[in-house]
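Computed from a predicted structure; not experimentally measured. Below, chain A is the first sequence line, B the second, and so on; all start at residue 1.
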There are 2 protein chains.
Amino acid sequence: MAERDADTQRRSNEPPAARPTIADVARLAGVSKGLVSFALNDRPGVSADSRERILSAAAELGWSPSVRARSLSSNRAFAIGLVIAREPGIVAADPFFPTFMAGVETELSGSGQTLVLATVTPGRQEADTYRSLALDKRVDGVILTDLRTGDERIALIDELGLAAVTLGRPDTDSPFPAVSIDDEAGVTATVDHLAQLGHRSIAHVAGPSSMLHAARRRRAFERAAGAHGIAPRVVETDFSATEGAAATRHLLGDPDDRPTAIVYSNDPMALAGLAVAQRAGLIVPRDLSITGFDNTDLAEHVYPSLTSVATDVAAWGAIAARVLLATIASEPVDNTDLPPARLVARESTSHSPHHP
Amino acid sequence: MAERDADTQRRSNEPPAARPTIADVARLAGVSKGLVSFALNDRPGVSADSRERILSAAAELGWSPSVRARSLSSNRAFAIGLVIAREPGIVAADPFFPTFMAGVETELSGSGQTLVLATVTPGRQEADTYRSLALDKRVDGVILTDLRTGDERIALIDELGLAAVTLGRPDTDSPFPAVSIDDEAGVTATVDHLAQLGHRSIAHVAGPSSMLHAARRRRAFERAAGAHGIAPRVVETDFSATEGAAATRHLLGDPDDRPTAIVYSNDPMALAGLAVAQRAGLIVPRDLSITGFDNTDLAEHVYPSLTSVATDVAAWGAIAARVLLATIASEPVDNTDLPPARLVARESTSHSPHHP
DNA sequence: GCCCAGGTCTAAACCGGTTTAGGCACTGTA
DNA sequence: TACAGTGCCTAAACCGGTTTAGACCTGGGC
């Protein structure tokens with residue numbers, strides 16, 4: 001009798017018909033709330049007969065559990081978080097995040113989970129953001145992108161009791177599964193490609209060495225260049241088009257000691273570099289070969305079209321989400337490796353001018 | 001005595017110290033839970049003395065309300081939603097969303113609210129996404145982007161009982177406040193700029209006419225062209241670089257009837273168009289002037305740099321969020337207009353070849 | 001015939017807030 | 001002195017689920 005009277009809830013004029021609650025289902029099936037809960041989370045201790053009756057009662061009423069109620073009583077959020085800590089300008093220029101999020105979303109949409117997004121400017125604010133997401137359990141886990149060297153976030157998130165996956169393997173001990181793409185393979189393929197075209201002077205415009213994937217690409221470059229007996233030349237940037245352009249101006253500054261090919265660590269920098277070269281009167285690829293990374297949509301639509309390294313970012317997002325959900329469900333999961341990045345050769349690379 | 005014993009909650013080994021609850025605050029302040037709630041939502045009926053004691057008890061314990069509990073009892077979500085319905089490829093190429101979201105976030109971060117993101121491919125799935133966000137009150141309101149002609153989402157969202165703001169004014173009756181940027185001013189300025197440079201044959205590569213802002217830019221183009229006695233020529237696309245390139249090939253197809261300037265409805269298409277022109281042996285801007293829209297980061301880093309129309313997208317996001325939060329708090333708000341879009345002239349536009 | 005184990009189920013506590021109904025003390029008015 | 005009104009406060013219901021403690025029934029082993 002202590003049950004609330006569902007009908008009085010509905011007496012208001014006409015607004016969105018009140019959702020049925022678990023009590024309504026219990027009443028219709030002639031069982032207790034508790035048993036309904038058991039049946040619907042299919043846990044043992046419910047007879048086949050009751051389960052049947054409960055499920056059809058739920059179906060008849062069109063009942064679905066209230067995430068908010070579930071979230072309060074079971075201390076889960078049914079949401080995962082993505083904290084983006086990059087300068088706004090750099091995020092915007094880089095199609096990585098939208099694509100990645102679309103991939104995450106494909107995986108989430110079926111699961112009833114939602115994606116909570118936070119963009120912060122790097123720094124102290126970042127830790128606070130994780131802290132507040134965790135303190136109030138607004139998310140059950142997070143996807144850690146843009147890993148840094150000695151990334152403090154790993155310890156922080158562990159301490160906060162959140163689940164997580166990392167994009168790529170961190171350089172420190174991590175309790176979280178990693179979902180990785182072998183982008184070194186892409187860099188190696190790029191350098192091989194250029195070497196094969198006769199280039200002996202190849203430079204690399206790298207991202208910030210504090211970012212693990214930038215550092216990894218750089219090391220792969222140095223290794224691949226070394227393998228061809230080429231002295232690697234590297235300029236470090238923040239991944240922005242502006243610094244990509246500056247790095248290019250620097251590299252092309254001395255006409256007597258100018259690389260014949262430049263390997264950029266992302267596409268926006270490569271495009272900016274292309275413009276710098278053209279502005280300096282060089283013809284790409286006749287005078288200078290250029291390669292990008294990530295195979296942005298635009299890469300095939302510029303002139304000359306840009307040789308780049310393709311990674312399946314959307315798939316990365318989908319798999320990261322899947323692994324995270326499994327982790328949250330405390331299914332043990334292993335590190336996962338995606339198919340390696342592959343080179344897409346286009347017009348911006350050709351024979352070295354010194355090697356006709 | 002029916003109060004739960006907070007200490008027994010804490011007996012587990014050492015995990016994240018249990019948060020204090022409102023009951024802890026009540027006990028410390030020597031009042032009832034209810035009064036604490038009243039004091040903290042500063043409602044009348046609490047003596048200055050008690051309020052003081054309650055606030056300092058809360059501060060001492062470092063208490064902050066549990067969003068999840070609040071959300072269940074007060075039927076609010078403390079989150080707003082953004083549903084992105086575009087083809088993944090187009091979203092990725094367009095820096096609009098990341099920038100916009102960063103703007104939203106700046107406004108949200110202080111308010112304890114959260115941004116929930118959903119990306120869907122356009123179509124039926126979209127309505128279901130709104131429906132499921134609303135049914136379970138996972139969000140209190142949504143930001144409606146990419147308005148379409150006769151947009152059915154407006155009625156849907158109204159019916160679902162969600163709050164909303166629209167980006168730009170819809171073409172149908174809408175109960176929601178609109179936050180708009182006058183991008184027509186940008187288009188007009190672009191056409192004026194070109195006309196002033198002597199161009200008499202100007203084409204427009206438009207976005208899909210089903211999208212309100214694309215249609216609006218197109219109409220503004222036609223009007224501005226008409227004002228200069230220029231017969232407007234328009235090709236419609238889906239906003240993708242691929243179709244931008246195709247439209248350009250089409251426009252440049254007949255050497256005898258080739259426009260001397262092309263106004264693109266976004267930057268990625270303009271960049272693709274630039275490449276098509278260059279590939280066809282034209283020199284930009286000598287033979288053909290080109291303009292974009294949105295003033296992407298890359299616009300100033302290509303060669304020739306791209307004349308484009310700048311809008312403050314991050315501010316747009318911040319203001320949209322602010323207006324939405326006010327609407328949710330049922331403060332009445334008016335439609336808001338941001339500073340009009342302005343032309344940023346760069347190298348991709350110059351005198352018409354026919355007008356030396 | 002007795003006891004224990006296992007399976008099924010219910011009642012009630014619980015998550016942590018908000019909100020309502022009502023109690024009590026004090027004041028002002030008749 | 002009685003009565004209504006007001007200000008402050010508490011107890012308890014409530015939001016809609018999950019989870020625990022324990023009741024009840026049945027069957028098997030001895």
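Dashed line: the shortest gap from a side-chain N or O of Arg76(A) to OP1 or OP2 of dC15(C) is not under 4.0 Å. Taking side-chain N and O atoms only, Trp63(A) has no distance below 4.0 Å to OP1 or OP2 of dG16(D). Phosphate contact (OP1/OP2 of dG16(D), side-chain N/O of Arg70(A), threshold under 4.0 Å): absent. Taking side-chain N and O atoms only, Ser37(A) has a distance below 4.0 Å to OP1 or OP2 of dT18(D). OP1 or OP2 of dC15(D) has not a single side-chain nitrogen or oxygen of Arg68(B) nearer than 4.0 Å.
Axis angle between the ends of the helix from dG1(C)-dC30(D) to dA30(C)-dT1(D), five pairs each and rounded to 10 degrees, works out to 60°.
In this structure Tyr130(A) satisfies the ring-ring contact (aromatic ring centres under 6.0 Å, His included) test with no other residue, sequence neighbours excluded.
Residue pairs that meet the side chain to side chain donor-acceptor pair (under 3.5 Å) test with at least one member in residues 111-121 of chain B, sequence neighbours left out, are Arg138(A)-Thr114(B), Thr121(B)-Gln125(B). Evaluation of the salt bridge (Lys or Arg N to Asp or Glu O under 4.0 Å) test over residues 105-123 of chain A, restricted to residues two or more places apart or in two chains, returns Glu107(A)-Arg322(A).
Residue contacts shown for Asn75(B) are absent, as no nucleic acid heavy atom lies under 4.0 Å away.
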List the atom pairs, donor and acceptor, that lie under 3.5 Å between side-chain atoms in residues 325-336 of chain B and the rest of the protein, sequence neighbours left out.
from: Thr327(B); atom 1: OG1; to: Val323(B); atom 2: O; distance (Å): 2.8
from: Asn335(B); atom 1: OD1; to: Ala178(B); atom 2: N; distance (Å): 2.7
from: Thr336(B); atom 1: OG1; to: Asp334(B); atom 2: O; distance (Å): 3.4

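Going from atom CD1 of Ile22(A) over to atom C1' of dC14(D) covers 16 Å, rounded to whole Å. When the C1' atom of dT10(C) is taken as reference, atom CZ of Arg27(A) falls 16 Å away, rounded to whole Å. Atom CG of Asn41(A) is separated from atom P of dT20(D) by 13 Å (rounded to the nearest Å).
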* Could you go step by step and tell me if Arg68(A) and Arg76(B) meet the side chain to side chain contact (heavy atoms under 4.5 Å, CB included) rule? -> CA-CA 9 Å; Arg68(A) 297 197 333 280; Arg76(B) 281 175 298 165; over 6 Å; no
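The aromatic rings of Phe100(A) and Phe97(A) sit perpendicular to each other, their planes meeting at more than 60°, with 30° as the lower class boundary.
With dG17(D), dT18(D), dT18(C) as the choices, the nucleotide that has an atom nearest any side-chain atom of Ser74(A) turns out to be dT18(D).
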With the criterion being N/O to N/O and under 3.5 Å, what pairs connect the protein with nucleotides 4-12 of chain D, and how long is each?
from: dC9(D); atom 1: OP1; to: Ser47(B); atom 2: OG; distance (Å): 3.2
from: dC9(D); atom 1: OP1; to: Ser50(B); atom 2: OG; distance (Å): 2.4
from: dC9(D); atom 1: OP2; to: Ser47(B); atom 2: N; distance (Å): 2.9
from: dC9(D); atom 1: OP2; to: Ser47(B); atom 2: OG; distance (Å): 3.2
from: dC9(D); atom 1: OP2; to: Ser50(B); atom 2: OG; distance (Å): 3.1
from: dT10(D); atom 1: OP2; to: Ser32(B); atom 2: N; distance (Å): 3.0
from: dT10(D); atom 1: OP2; to: Ser32(B); atom 2: OG; distance (Å): 3.1

